[in-house]
Student: 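Here it is: the structure, laid out below.
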Amino acid sequence: MPRYFDGSSPSIPLARSFYERHTVRVAKELLGKVLVRRLGSTELKGMIVEAEAYRGQDDPASHAYVGRTERNEVMFGQPGHGYVYFTYGMHYCLNVTTEPIGQAGAVLIRAAQPVKGIEVMKKKRGTDRIRDLTNGPAKLTQAFAVTGALNGHDLTTVDKLFIAENDKPEAFHIASTSRIGIRAGLDRPWRFFIKGNRFVSKK
DNA sequence: CTAAAGATGTCCT
DNA sequence: GGACATCTTTAGA
């Protein structure tokens with residue numbers, strides 16, 4: 001059995017059933033998984049190290065709290081799709097949709113550890129500092145060239161963007177805190193990250 | 001290292 | 001019109 005250390009082994013997208021579950025559970029289980037971006041012949045990979053759960057009408061911090069709107073439509077749709085929104089006038093953030101159809105839910109991918117395509121990421125981010133490539137939700141979308149064009153994109157095929165199992169998993173501990181950058185719903189510890197990982201956005 | 005402030009477009013009331 | 005699931009730069013310790 002060959003061993004890979006450069007993230008070059010083939011990747012298979014996580015099945016829709018992975019996403020069609022309680023959002024908080026999906027958020028936790030996305031830690032350690034590998035985000036894969038395909039840009040023509042270029043492939044970028046990063047291990048997810050931080051994620052936040054956002055639910056629906058029961059979650060005051062969620063975009064879906066107010067009910068179905070044009071922007072949050074994808075959150076109510078089929079699980080396993082990308083929900084990409086634009087914020088602060090200049091940044092995109094990447095989420096993956098969860099829960100059965102009709103029930104809103106999404107997990108914000110906040111940070112990743114670069115695995116493959118690091119030189120490309122440096123160029124897209126305009127910095128050589130590896131730690132600054134993907135240690136935040138908008139940095140990550142910039143490094144992975146994720147924009148609104150990928151809103152609603154199906155993540156269960158190998159086209160353009162998906163999430164796969166980790167080829168070389170290592171043991172880790174999960175820590176949780178309140179979600180970042182929100183005003184409501186601070187009582188819910190729905191931000192999860194890999195303890196001690198250097199690519200987590202904040203300590 | 002931390003803190004403060006500015007940049008900037010879209011959504012929703 | 002206000003808020004925003006953020007990042008960068010600058011100033012100072």
Side-chain angles (χ1 to χ4, degrees), chain A residues 19 22-31 33 35 46 48-77 79 81-99 103-114 121-153 155 161 163 174-194 196 198-203:
Chain A
Y19 300 101
H22 193 287
T23 309
V24 173
R25 185 171 176 78
V26 176
K28 279 191 253 190
E29 294 191 16
L30 277 173
L31 297 181
K33 299 287 193 291
L35 180 67
I48 297 169
V49 302
E50 180 179 350
E52 287 178 353
Y54 288 89
R55 298 195 77 236
Q57 301 246 232
D58 60 334
D59 180 4
S62 174
H63 286 169
Y65 184 58
V66 298
R68 198 185 285 246
T69 67
E70 194 171 340
R71 177 174 66 161
N72 66 30
E73 177 70 26
V74 181
M75 286 183 75
F76 289 84
H81 286 249
Y83 169 46
V84 182
Y85 66 87
F86 188 67
T87 192
Y88 288 104
M90 57 182 84
H91 300 304
Y92 289 103
C93 288
L94 170 66
N95 300 245
V96 300
T97 60
T98 58
E99 311 276 352
Q103 194 173 326
V107 174
L108 171 66
I109 310 300
R110 286 193 56 90
Q113 176 171 335
M121 294 184 199
K122 284 180 180 175
K123 204 157 194 175
K124 294 193 177 302
R125 288 279 299 121
T127 178
D128 280 338
R129 216 175 147 216
I130 293 181
R131 204 157 143 192
D132 284 335
L133 294 179
T134 53
N135 64 334
K139 296 179 187 177
L140 183 149
T141 56
Q142 200 179 352
F144 276 75
V146 171
T147 69
L150 287 170
N151 187 39
H153 183 78
L155 304 177
L161 182 71
I163 298 172
I174 297 176
S176 65
T177 68
S178 176
R179 291 166 290 181
I180 293 184
I182 57 169
R183 304 283 311 231
L186 290 169
D187 54 312
R188 298 164 195 227
W190 286 357
R191 169 186 179 233
F192 304 99
F193 59 92
I194 293 181
R198 291 189 299 278
F199 294 89
V200 169
S201 68
K202 295 180 180 171
K203 93 177 158 186

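In what follows, every chain begins at residue 1, and chains take the letters A, B, ... in the order their sequences are listed.
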Student: Take atom NZ of A/K124 and atom C1' of C/dC7, then tell me their distance rounded to the nearest Å.
Tutor: 18 Å
Student: Determine the contact category for A/R179: base if any of its heavy atoms lies under 4.0 Å from a base atom, sugar-phosphate if only primed atoms, P, OP1 or OP2 are that close, otherwise nothing.
Tutor: nothing
Student: Could you give the NE2-to-C1' distance, from A/H91 to B/dG6, as a whole number of Å?
Tutor: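 The answer, rounded to whole Å, is 11 Å.
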Student: Rounding to a whole Å, what distance do you find between A/M90:CE and B/dT10:C1'?
Tutor: 13 Å
Student: Kindly say if A/T87 contacts the phosphate of C/dT6, meaning a side-chain N or O under 4.0 Å from OP1 or OP2.
Tutor: no
Student: Please tell me which of A/A61 and A/D132 maps to the more 5' nucleotide of DNA chain C, matching each residue to the nucleotide holding its nearest heavy atom.
Tutor: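 The residue mapped nearer the 5' terminus is A/A61.
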Student: In whole angstrom, give the distance that lies between atom CG of A/N135 and atom C1' of C/dT8.
Tutor: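 Roughly 13 Å, once rounded to whole Å.
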Student: Give the rounded distance in Å between these two atoms: OH of A/Y88 and C1' of B/dA5.
Tutor: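 Going from A/Y88 (OH) to B/dA5 (C1'), I get 14 Å.
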Student: Between C/dA5, C/dT6, B/dC11, spot the one nearest the side chain of A/R71, thanks.
Tutor: B/dC11
Student: For C/dT6, take OP1 and OP2 only and decide whether either is under 4.0 Å from a side-chain N or O of A/R110.
Tutor: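 Checking C/dT6 against A/R110, a side-chain N or O does come within under 4.0 Å of OP1 or OP2.
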Student: Is the charged tip of A/R110 near the ring of A/F193: under 6.0 Å from the six-membered ring centre and within 45° of its axis?
Tutor: no
Student: Between C/dA5, B/dC12, C/dC7, spot the one nearest the side chain of A/T69, thanks.
Tutor: B/dC12
Student: Between C/dA5 and A/Y54, is there a base-stacking contact, meaning the centre of the base's six-membered ring lies under 5.5 Å from the residue's ring centre while the planes stay under 30° apart?
Tutor: yes
Student: Could you check whether A/L108 gets within reach of a base, just the sugar-phosphate, or nothing at all, counting any heavy atom under 4.0 Å?
Tutor: base
Student: Classify the nucleic acid contact of A/R125 as base, sugar-phosphate or nothing, counting any heavy atom under 4.0 Å across all strands shown.
Tutor: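 Here A/R125 touches the backbone only, sparing every base.
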Student: Check the distance between C/dT6's C1' and A/R183's CZ and give it to me in whole angstrom.
Tutor: 16 Å
Student: Compare the minimum distances between each of C/dA5, C/dC7, B/dT8 and the side chain of A/H63, then state the nucleotide with the smallest one.
Tutor: C/dA5
